[in-house]
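Here is the naming used below: chain letters follow the sequence lines, and residue numbers restart at 1 for every chain. Not measured: the values here are computed from a predicted model.
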Amino acid sequence: MKPLSGFKDLLPCDYARRRYLTEGWRDIARRYGFVEFDGPTLESLELYQKKNSGGEILTQLYQFTDRGDRPVALRPEMTPTLARIVAAHDREFAKPLRWFNVGNCFRYERQQRGRLREFLQLNCDLLGERSVTADAEIIALLIDQLRHFGFGPNDVTIRLSDRLAWHDFLEQFGIKKESTTEFLNIVDKMEREPQEKTEEKLAALEHSGLTVEKLREFMTSPTIPVLEPLLEELAARGLRDFIKPDLSIVRGLAYYTGVVFEAFALQGSLRAVAGGGRYDRLIHDLSNGAVTLPAVGFGMGDAVMLEFLKEVPLATQREEEFHAATSSCQVYLVIADEALRPQAVGLAQQLRDAGLRVAFSLASERVGKQFSAAENGGASFAVMIGDEWPQLKIKRLSTREEMSVPQGGLVEWLMDCSKG
RNA sequence: GUGGCCGUAGCUCAAUGGUAGAGCUCCAGGUUGUGGUCCUGGCUGUUGCGGGUUCGAGUCCCGUCGGUCACCCCA
């Protein structure tokens, strides 16, 4: 029996990789004062159909009717759940809210490398602040997440856009509000489609005097006025190198109202590793107008990140250092004389009480095999318990150097070493 | 959801339609207390699954499941 397509069994080595990722996510989110929350994996279908998510994501829902005939869906993303929770508890928290979540999400789509049907996503959201400082804070957090894992401006870039720029543009050319989504879709596909196709689509739209040339001219203009304050603040943080203003980024989700951005991998097979934007109306709409709370946030998926980590040398190196530091065993007790097993387990207990990760052979085994097991488990030290008792021979496995320590001083000796 | 490629031992892969193999891993040894190299030996398969063609199918055909790439879109 295999797991379903798009779902994964996580063996210990897979889970170690996941832990590396999620511990990094949490660490950096907390540096920005973000607190972790969670919500249900299963939600009412209605939460996603209130014209909030919109587009593609609705066709990818894992949806079904539960035993009580309720239409339900596994969450495809965290934002609607967050919006629902925040709308319900609005009065309980001082603003702004800095909330994050690491949770599994589900989308029914064809699996590919970096894309699964169940995946883990980091979500960071800043709620209750309308100004550009919140946008900057969120984007800085996103960049610091990436920097933490060893990615630099040559590995990843934040493509930044703003839907407000497009709203002005639409007005200028007399394109109706109802056609906004359709128009942004054309923009989204422009760089992937031949010009004739774009012209054709544009012609089908009601407008006054808009041409592909004018559209292109607008998109390639050297400065985008609405983005300037945000760019300035990011520059003040020293993060400007990561940013590439790009009006072709419009994002698929319907609820975005202002700034939108995507973190794009420059190395390897170009992919979006994270994405987000401002959604000032979602909470208002979801609560039927009861709560109005501007918000900005982003999501970052584990499947893409774990692939990306393998493609950038510095990122790979950092991950390996993590795994070395968190190996399942630091100290391996080699029981050379089976008669001393009681003393050995006593030592193991002392070492474990002191917080060290300790392993030893459970069966009588040749010394060579025990050293092999020590090596295998990633131990830094092997401690020989044998003829020398009550002296112990300690061997540093990386250098093969050996030293002698009395059994009473072992804990202290190892604690000193593990500090250094 | 659409199209292409792939599926053989735990892993990576061989095998002009004619007896299913190699390397790595793993296990056991290389005389009684030392691991990452070395030497010897050993285990492992309903060739993803189900049909069909054929004297004979891992190989050809159909279906199905899984993987992968592109499209779509995105985490």
Extract from the structure each pairing of a protein N or O with an N or O of nucleotides 32-34 of chain B at less than 3.5 Å, listing the distance.
unit_1, atom_1, unit_2, atom_2, d
B:G33, N7, A:D387, OD2, 2.9
B:G33, O6, A:D387, N, 2.5
B:G33, O6, A:D387, OD1, 3.2
B:G33, O6, A:D387, OD2, 2.6
B:G33, N1, A:E388, OE1, 3.1
B:G33, N1, A:E388, OE2, 2.9
B:G33, N2, A:E388, OE2, 3.2
B:U34, O2, A:K395, NZ, 2.6
B:U34, O2, A:E402, OE2, 3.4
B:U34, N3, A:E402, OE2, 2.8
B:U34, O4, A:K393, NZ, 3.0

Collect all protein-nucleotide pairs involving nucleotides 37-43 of chain B in which both atoms are nitrogen or oxygen and the distance is under 3.5 Å.
none

Short heteroatom pairs, N/O only, protein and nucleotides 62-68 of chain B, under 3.5 Å:
unit_1, atom_1, unit_2, atom_2, d
B:G67, OP1, A:G6, N, 3.3
B:G67, OP1, A:Q111, NE2, 2.6
B:G67, OP2, A:S5, OG, 2.5
B:G67, O5', A:Q111, NE2, 3.0
B:U68, OP2, A:Q111, NE2, 2.6

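For the pair A:K201 and A:F183, the cation does not sit on the ring face, since its NZ or CZ is not both under 6.0 Å from the ring centre and inside 45° of the axis.
Helical stems involving RNA chain B, defined as 3 or more consecutive Watson-Crick or G-U pairs under 3.5 Å, span B:1-7 with B:65-71, B:10-13 with B:21-24, B:26-30 with B:38-42, B:48-52 with B:60-64.
Base engagement by A:E109 is indicated by at least one non-hydrogen atom pair under 4.0 Å involving a base atom. Nucleic acid contact class of A:L122 (heavy atoms, under 4.0 Å, all strands): none. Contacts of A:A303 with the nucleic acid, taken as non-hydrogen atoms under 4.0 Å apart, include base atoms.
Legend: side chain to side chain donor-acceptor pair (under 3.5 Å) pairs involving residues 148-160 of chain A, not counting sequence neighbours: none detected.
Minimum atom distance to the side chain of A:R400 is reached by B:G36, of the listed B:G36, B:A75, B:C27.
Between A:F106 and A:F119, the distance from one ring center to the other does not fall under 6.0 angstrom.
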Distance-only check: which donor-acceptor pairs under 3.5 Å involve side-chain atoms of residues 381-393 of chain A, not counting sequence neighbours?
unit_1, atom_1, unit_2, atom_2, d
A:Q391, OE1, A:S404, OG, 3.0

